K.L.:
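Below is the structure I would like to discuss, written out as structure tokens.
Everything quoted here is computed from the prediction, not taken from an experiment.
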Amino acid sequence: MEGIRAAIATACHRLAREGLVVGTAGNISVRRGDLVALTATGVTLADATVADVTVVDLAGEVVAGGLRPTSEAELHLGVHRRFGDGAIVHTHAPASTAFACVFDELPVIHYQLLEVGGAVPVVPFIPFGTPELAAAVVAAMADRQAVLLANHGAVTRGATLAEAMERTFVVEWACTLYEKASVLGTPKVLGDGQQRAVRDVMAALRYGRPQPHGDGPASR
Ligand SMILES: [Zn+2]
């Protein structure tokens with residue numbers, strides 16, 4: 001898990017650098033098999049090192065590292081137990097959190113939200129670190145890769161750490177977009193038919209993946 005611990009520390013630096021986390025507020029985890037590497041509690045993410053990433057088993061028992069895991073360990077472990085190997089990113093990113101202080105769902109105002117499964121639900125407020133919050137997030141993530149937490153923040157998951165990170169940035173960008181559009185008027189929402197049409201195009205173009213030049217329709 002050493003390489004994964006280092007990758008998590010690097011991802012923490014990026015979240016801090018890009019203004020998605022402030023101080024110690026936010027946490028990242030990656031599951032590989034029966035082990036989960038996750039940030040420790042009280043760590044300033046901008047300065048995180050490998051020593052600030054603790055490895056636990058799926059029951060939360062520490063396997064490696066000297067620091068107590070994040071207070072949201074139950075949330076991370078609950079999602080990992082339900083969905084298997086992958087990564088989770090949790091932040092209190094400003095636009096995402098502001099949106100989750102006001103609305104019950106982020107609608108599909110831009111097709112990029114299809115990358116996280118479509119509309120992003122806002123899980124009703126439940127105090128952090130509780131098994132109740134963990135259970136609510138697991139349930140809300142059944143058919144999507146991002147959820148917002150009312151008056152709290154955002155959670156994204158992905159097959160890889162890079163994917164989970166990218167989804168955190170997409171949700172934050174979409175919440176910012178919603179905010180900007182709302183200043184101008186009422187944001188229009190893409191309907192089911194429009195979303196289906198975009199999915200068809202994405203499938204045909206293998207959208208979002210780097211592709212060799214000259215390979216298939218996306219090169220045209
Ligand atoms: Zn939190």
K.L.:
Using a 3.5 Å distance criterion without hydrogens, assess whether the side chain of His90 forms a donor-acceptor pair with backbone atoms of Ala154.
P.N.:
yes
K.L.:
Distance-only, no hydrogens or angles: does the Arg157 side chain make a donor-acceptor pair with backbone N or O of Ala146 under 3.5 Å?
P.N.:
no
K.L.:
Does atom CZ (Arg196) have a neighbourhood of more than 12 heavy atoms from anything else shown, all under 6.0 Å?
P.N.:
no
K.L.:
Does Glu72 reach the main-chain N or O of Gly129 with its side chain, forming a donor-acceptor pair under 3.5 Å?
P.N.:
yes
K.L.:
What distance separates Lys180 NZ from Leu184 CG, expressed to the nearest 0.5 Å?
P.N.:
9.5 Å
K.L.:
Quick one, Thr39 and Cys12 - any side-chain contact, counting heavy atoms below 4.5 Å?
P.N.:
yes
K.L.:
Is the number of heavy atoms from other residues, nucleotides or ligands within 6.0 Å of CG (Asp34) greater than 12?
P.N.:
no
K.L.:
Side chains of Arg31 and Leu77: closer than 4.5 Å at any heavy-atom pair?
P.N.:
no
K.L.:
Would you say that Asp52 contacts Thr49 through its side chain, given a criterion of any heavy-atom pair below 4.5 Å between the two side chains?
P.N.:
yes
K.L.:
Is it possible for you to say whether Val21 and Val30 belong to one hydrophobic cluster, with membership spreading through side-chain heavy-atom contacts below 4.5 Å?
P.N.:
yes
K.L.:
Give, for atom OG of Ser182 and atom CD1 of Ile109, the distance between the pair rounded to the nearest 0.5 Å.
P.N.:
7.5 Å
K.L.:
Taking Glu18 for its side chain and Leu15 for its backbone only, find out whether a donor-acceptor pair lies under 3.5 Å.
P.N.:
no
K.L.:
Under 3.5 Å, is there a donor-acceptor pair between the side chain of Glu61 and the main chain of Val56?
P.N.:
no
K.L.:
Does the side chain of Leu133 come within less than 4.5 Å of Pro127's, by heavy atoms?
P.N.:
no
K.L.:
Ignoring hydrogens and angles, state whether a donor on the side chain of Thr70 or His76 is under 3.5 Å from an acceptor on the partner side chain.
P.N.:
no
K.L.:
For a quick check under 3.5 Å, do Thr44 and Thr24 share a side-chain donor-acceptor pair by atom type?
P.N.:
no
K.L.:
For the backbone of Pro131 and the side chain of Glu74, can you confirm whether one donor and one acceptor N or O come within less than 3.5 Å of each other?
P.N.:
no
K.L.:
Flag the pair Val147 / Val122 as yes when at least one side-chain heavy-atom distance between them is below 4.5 Å, and no otherwise.
P.N.:
no
K.L.:
Might you work through the side chain to side chain contact (heavy atoms under 4.5 Å, CB included) test for Arg68 and Thr54, ending with a clear yes or no?
P.N.:
CA-CA 7 Å; Arg68 192 155 61 84; Thr54 300; over 6 Å; no
K.L.:
Kindly say whether Ala159 contributes a backbone atom to a donor-acceptor pair with the side chain of Glu163 at under 3.5 angstrom?
P.N.:
yes
K.L.:
Near Asp104 CG, under 6.0 Å, is it more than 12 heavy atoms from other residues, nucleotides or ligands?
P.N.:
no
K.L.:
Any link between Leu20 and Val53 through a network of hydrophobic side chains (Ile, Leu, Val, Met, Phe, Trp, Tyr) touching at under 4.5 Å?
P.N.:
yes
K.L.:
I need the minimum non-hydrogen distance between Tyr178 and Leu106, along with the two atoms involved.
P.N.:
CD1-CD1, 4.1 Å
K.L.:
With a 4.5 Å cut-off on side-chain heavy-atom distances among I, L, V, M, F, W and Y, is there a chain of contacts connecting Leu58 to Ile28?
P.N.:
no
K.L.:
Evaluate the criterion side chain to side chain contact (heavy atoms under 4.5 Å, CB included) for residue pair Ile88 and His80; output intermediate values, then yes/no.
P.N.:
CA-CA 8 Å; Ile88 299 165; His80 285 308; 3.4 Å; yes
K.L.:
Can you establish whether the number of heavy atoms outside Arg17 located under 6.0 Å from its atom CZ is more than 12?
P.N.:
yes
K.L.:
CZ of Phe83: more than 12 outside heavy atoms within 6.0 angstrom?
P.N.:
yes
K.L.:
Work out which heavy atom in Arg144 is nearest to a heavy atom in Gly118; give both atom names and the distance.
P.N.:
NH1-C, 3.9 Å
K.L.:
Under the 6.0 Å and 45° cation-pi test, does Arg14 pair with Phe169?
P.N.:
yes
K.L.:
For the residue pair Pro69 and Val62, establish whether any side-chain heavy-atom pair is separated by less than 4.5 Å.
P.N.:
yes
K.L.:
Okay, side chain of Gln112, backbone of Val170: is any donor-acceptor separation there less than 3.5 Å?
P.N.:
no
K.L.:
Locate the shortest heavy-atom distance separating Ala100 from Leu149; write the atom from each residue and the value.
P.N.:
CB-O, 3.3 Å
K.L.:
Closest approach of Asp47 and His13, non-hydrogen atoms and distance?
P.N.:
C-NE2, 4.0 Å
K.L.:
Can you give me the closest heavy-atom contact between Asp57 and Val63, atom names plus distance?
P.N.:
N-CG2, 3.7 Å
K.L.:
If I take atom CG from residue Leu35 and atom OG from residue Ser29, how far apart are they, to the nearest 0.5 angstrom?
P.N.:
12.5 Å
K.L.:
For Ala119 versus Val108, what's the shortest heavy-atom pair and its separation?
P.N.:
N-CG2, 3.3 Å
K.L.:
Please tell me if the side chains of Met202 and Leu114 come closer than 4.5 Å, counting only heavy atoms from C-beta onward.
P.N.:
yes
K.L.:
Does Arg167 reach the main-chain N or O of Thr156 with its side chain, forming a donor-acceptor pair under 3.5 Å?
P.N.:
no
K.L.:
For the atom pair CD1 (Ile4) and CG (Leu38), what is the distance rounded to the nearest 0.5 Å?
P.N.:
12.0 Å
K.L.:
Report yes or no: do Phe128 and Leu75 belong to one cluster of Ile/Leu/Val/Met/Phe/Trp/Tyr joined by side chain heavy-atom distances under 4.5 Å?
P.N.:
no
K.L.:
I'd like to know if the side chain of Thr10 reaches the main chain of Ala6, judged simply by a donor and an acceptor atom lying under 3.5 Å from each other, with no hydrogens or angles considered.
P.N.:
yes
K.L.:
Are the side chains of Leu67 and Thr41 in contact, using a 4.5 Å heavy-atom criterion?
P.N.:
no
K.L.:
Using the rule that Ile, Leu, Val, Met, Phe, Trp and Tyr join whenever any side-chain heavy atoms are under 4.5 Å apart, tell me whether Leu45 and Ile8 fall into a single cluster.
P.N.:
yes
K.L.:
Verify side chain to side chain contact (heavy atoms under 4.5 Å, CB included) between Leu113 and Val120, making sure each step is shown before the conclusion.
P.N.:
CA-CA 8 Å; Leu113 280 167; Val120 180; 4.1 Å; yes
K.L.:
Could you check Val123 against Leu148 for side chain to side chain contact (heavy atoms under 4.5 Å, CB included), going step by step and ending with a plain yes or no?
P.N.:
CA-CA 6 Å; Val123 174; Leu148 292 164; over 6 Å; no
